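Here the structure is a predicted model, which means the values were calculated and not measured.
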Amino acid sequence: MTTNRFLVFTLLLFTALTAVMTYPQVLHMMDGVHDPGDPLMVTWVLAWVAHQLPRAPAHLFDANIFYPERNTLAFSETLLVPGVIVAPLHWLGVGPILIYNLVFLSGFAVSGVGVALLVRRLTGNAGAAILAGIVFAFPPYRIDHYAHLQLQQTQFIPLSMWAFHVLLETHRLRDGVRLGVFVACQMLSCMYYGLFLIPYMAVVCGTMLIADRKMPRARVVALAAAAAVVVVAMIPVGRAYMAARTVVGERGRAEVADGSATWRNYLAPPEVNAVYGKVFARFMQPERRLFPGFVAVALAIVGLWPPLSATRLAYGLGLILAVDVSFGFNGVIYRALYDYFLPFKALRIPARMGLMAGFSLAVLAGFGAARLVDRLRSRPMRRAVLVTVGVLMLVEYASTPLPFWTAPRHPPEVYADLIEDRGDSPTAVLFEFPTSVLSDPAYLYYSTFHWQYLINGYSGFFPPSYVRLTRALRNFADQPSIDAIKSHGVRYLVIHEEYLLGNRYPMLIAELDRRPDMALVSRRPWQIPGKHAEISVYRVSYP
């Protein structure tokens with residue numbers, strides 16, 4: 001089978017497997033997300049990239065949240081590569097939730113294809129390569145992070161390693177450029193795994209370079225080109241992240257220690273795992289469910305059984321590194337990364353390096369599967385063994401059906417009234433009340449339909465200015481709280497009954513209706529899953 005035919009076959013296969021392993025997501029593509037939190041924020045990120053690129057690319061990082069702060073896109077994952085790839089869908093008018101789900105599911109499928117491509121090159125065995133792809137595409141870790149699209153964007157990890165192996169053989173400059181592009185794409189798809197990829201490649205690729213004992217000039221030039229591409233691609237993003245860091249700071253040691261894994265976490269699947277969810281419940285901790293599957297571990301042991309090749313040794317060392325880094329402050333290496341490598345100070349959960357351990361396991365499991373079937377002379381027997389092992393893996397990784405939250409396909413009508421009231425004036429500044437981690441993601445999602453500036457925001461970091469503002473709103477709408485939102489230049493105040501408890505909404509709008517500096521623009525009904533409500537919009541006037 002040619003490489004192109006193999007790519008087409010594996011893409012179709014992993015697309016079908018993704019539909020099965022994430023079922024019933026495929027039935028909720030237009031409006032179904034895991035919850036109304038991070039998925040809505042990421043939907044906004046993807047839409048913002050598409051909105052801003054053709055208008056003001058130089059201000060791409062100055063997103064419309066946390067006004068008047070700058071570089072607010074860099075307060076969390078920027079998702080630039082996925083955002084650019086799907087931007088044409090936004091321009092064609094495709095629904096933002098459908099686009100989110102397409103990007104989300106592609107992370108599973110293309111990650112599996114990438115590992116299959118890599119392992120096929122290393123072993124020459126297509127069946128073993130597909131098994132390796134399953135290990136990386138569908139581990140329980142991904143289901144545990146079902147609400148985190150950014151953590152599914154791992155497809156450029158295997159593609160980076162594949163490009164390195166090609167460069168190792170060819171020494172061509174273009175292969176070095178391709179390696180740099182893939183590494184940069186991983187950085188710009190998920191910064192967590194882009195940063196984790198650097199020490200991982202230093203160990204794995206460094207081991208293979210040392211074992212090769214040759215460093216021809218052409219290889220040096222190609223590697224230098226790869227490094228140059230990464231540096232150049234990261235300059236604008238790095239500047240934005242550094243500017244954001246001066247505002248929001250970095251992760252403290254206590255926070256990082258809380259996100260560090262232990263050996264017990266590698267026995268922890270998510271609760272929804274169909275086979276082990278109840279059996280290993282005592283090992284489960286939030287953000288640290290790293291169970292890789294017993295079949296994958298068994299195959300990896302076969303792959304690491306002596307005699308060892310330099311490649312298998314390299315990936316074995318990569319596995320050790322990844323596990324230790326996932327231990328964070330419970331391990332050895334992460335302390336040095338945190339102390340001496342500035343970007344690691346922005347990472348909250350070292351345990352997420354467990355996915356890189358899963359990547360090494362996937363490659364080694366591919367070697368192990370190839371070893372097993374190479375001992376079988378009968379082709380039907382080989383296929384039977386590979387299919388049986390694949391089914392066992394999928395059973396281990398299977399989950400009970402996940403619940404979904406239905407996102408509105410259209411925004412509340414009050415925003416259209418607000419835009420009409422704004423007329424020909426520049427983009428307005430909105431403040432939406434109440435503000436909380438339960439409501440702010442929805443406001444970001446609604447802004448994809450109107451793109452006004454928001455005082456509100458939701459991200460990995462919250463700027464001190466927003467924290468101070470929320471504290472000033474505890475007795476909203478007394479005069480100090482109104483003065484606080486006016487100090488941010490708010491032109492419109494949007495009150496959401498669906499997020500207010502009891503009779504708070506009627507009391508609040510009665511108070512606002514009496515204020516001379518608040519003019520009612522619109523009051524319309526609104527419905528979210530399980531609740532009928534009303535939304536009011538006021539134009540704020542100033543002396």
Side-chain angles (χ1 to χ4, degrees), residues 1-22 105-139 141-142 152-169 178-179 182 185-186 189 193 197 200 204 292-293 295-300 302-303 309 311-312 314-315 318-319 355-374 379 382-394 396-397:
M1 185 184 297
T2 65
T3 298
N4 288 339
R5 290 182 62 187
F6 179 74
L7 281 175
V8 171
F9 173 77
T10 53
L11 183 58
L12 293 174
L13 174 63
F14 278 97
T15 299
L17 288 176
T18 298
V20 172
M21 298 300 286
T22 61
L105 294 180
S106 72
F108 291 80
V110 183
S111 293
V113 172
V115 167
L117 180 67
L118 168 64
V119 173
R120 182 175 183 262
R121 183 178 187 88
L122 296 179
T123 67
N125 190 306
I130 290 172
L131 291 183
I134 291 173
V135 174
F136 191 57
F138 306 115
Y141 173 90
R142 291 188 185 270
Q152 312 299 341
Q153 300 304 297
T154 57
Q155 54 267 38
F156 293 105
I157 293 172
L159 292 177
S160 296
M161 294 306 302
W162 173 83
F164 174 79
H165 285 283
V166 173
L167 183 153
L168 202 61
E169 295 178 11
R178 180 167 55 187
L179 170 60
F182 284 154
C185 283
Q186 184 56 58
S189 297
Y193 294 126
L197 185 59
Y200 182 86
V204 177
V295 176
V297 171
L299 287 177
V302 174
S309 65
T311 301
R312 286 183 285 126
Y315 282 100
L319 174 61
L355 186 99
M356 296 299 297
F359 172 69
S360 264
L361 275 177
V363 175
L364 293 170
F367 275 109
R371 269 185 162 181
L372 287 177
V373 298
D374 284 347
R379 180 174 294 182
R382 291 180 181 179
R383 290 179 177 175
V385 169
L386 291 171
V387 170
T388 300
V389 173
V391 170
L392 290 175
M393 283 181 177
L394 293 172
E396 271 198 318
Y397 295 160

How long is the span from the [atom1] atom in [X] to the [atom2] atom in [Y], to the nearest 0.5 Å?
X	Y	atom1	atom2	value
Leu159	Arg178	CG	CZ	10.0 Å
Thr18	Phe138	OG1	CZ	3.5 Å
Leu372	Arg382	CG	CZ	12.0 Å
Trp162	Leu179	CH2	CG	10.5 Å
Tyr193	Ser160	OH	OG	15.0 Å
Thr3	Leu117	OG1	CG	7.0 Å

Closest contact, heavy atoms only, [X] versus [Y]:
X	Y	answer
Val135	Gly358	CG1-O, 4.1 Å
Leu319	Ala357	CD1-O, 3.5 Å
Leu299	Met393	CD1-CE, 3.4 Å
Pro158	Val115	CB-N, 3.5 Å

In a table with atom names and distances, give each donor-acceptor pair under 3.5 Å that connects a side chain of residues 4-14 to protein atoms at least two apart or in another chain.
from: Thr10; atom 1: OG1; to: Phe6; atom 2: O; distance (Å): 2.9
from: Thr10; atom 1: OG1; to: Leu7; atom 2: O; distance (Å): 3.1

Next item on the list: Check salt bridge (charged side-chain N to carboxylate O under 4.0 Å, His left out) between Arg121 and all other residues, then give those that pass, not counting sequence neighbours.
Entry: Glu169

Which atom pairs, one a donor and one an acceptor, fall under 3.5 Å between side chains of residues 122-133 and the rest of the protein, sequence neighbours left out?
from: Thr123; atom 1: OG1; to: Val119; atom 2: O; distance (Å): 2.8
from: Thr123; atom 1: OG1; to: Asn125; atom 2: N; distance (Å): 3.1
from: Asn125; atom 1: OD1; to: Gly127; atom 2: N; distance (Å): 3.0
from: Asn125; atom 1: OD1; to: Ala128; atom 2: N; distance (Å): 2.9

Notebook entry, point to check: What do the steps show when you test Thr154 against Phe136 for side-chain contact (heavy atoms from CB on, under 4.5 Å), and what is the final call?
Noted result: CA-CA 9 Å; Thr154 57; Phe136 191 57; 3.6 Å; yes

Just so I know, are the side chains of [X] and [Y] near enough to count as touching, which here means a heavy-atom distance under 4.5 Å?
X	Y	answer
Val363	Leu118	yes
Tyr200	Ile157	no
Phe367	Thr311	yes
Leu392	Glu396	no

Check: Who are the side-chain contact (heavy atoms from CB on, under 4.5 Å) partners of Val110, not counting sequence neighbours?
Finding: Ser106, Gln155

Note to self: Under the rule for side chain to side chain donor-acceptor pair (under 3.5 Å), what residues qualify as partners of Gln152, not counting sequence neighbours?
What the structure shows: Arg142

Item checked: Contacts of Tyr397 that satisfy side chain to side chain donor-acceptor pair (under 3.5 Å) - sequence neighbours left out -> none

Notebook entry, point to check: Between the main-chain N or O of Tyr315 and the side-chain N or O of Ser360, is there a donor-acceptor pair closer than 3.5 Å?
Noted result: yes

Check: Looking only at atom types and distance, does a side-chain atom of Gln186 sit under 3.5 Å from a main-chain N or O of Gln153, one as donor and one as acceptor?
Finding: yes

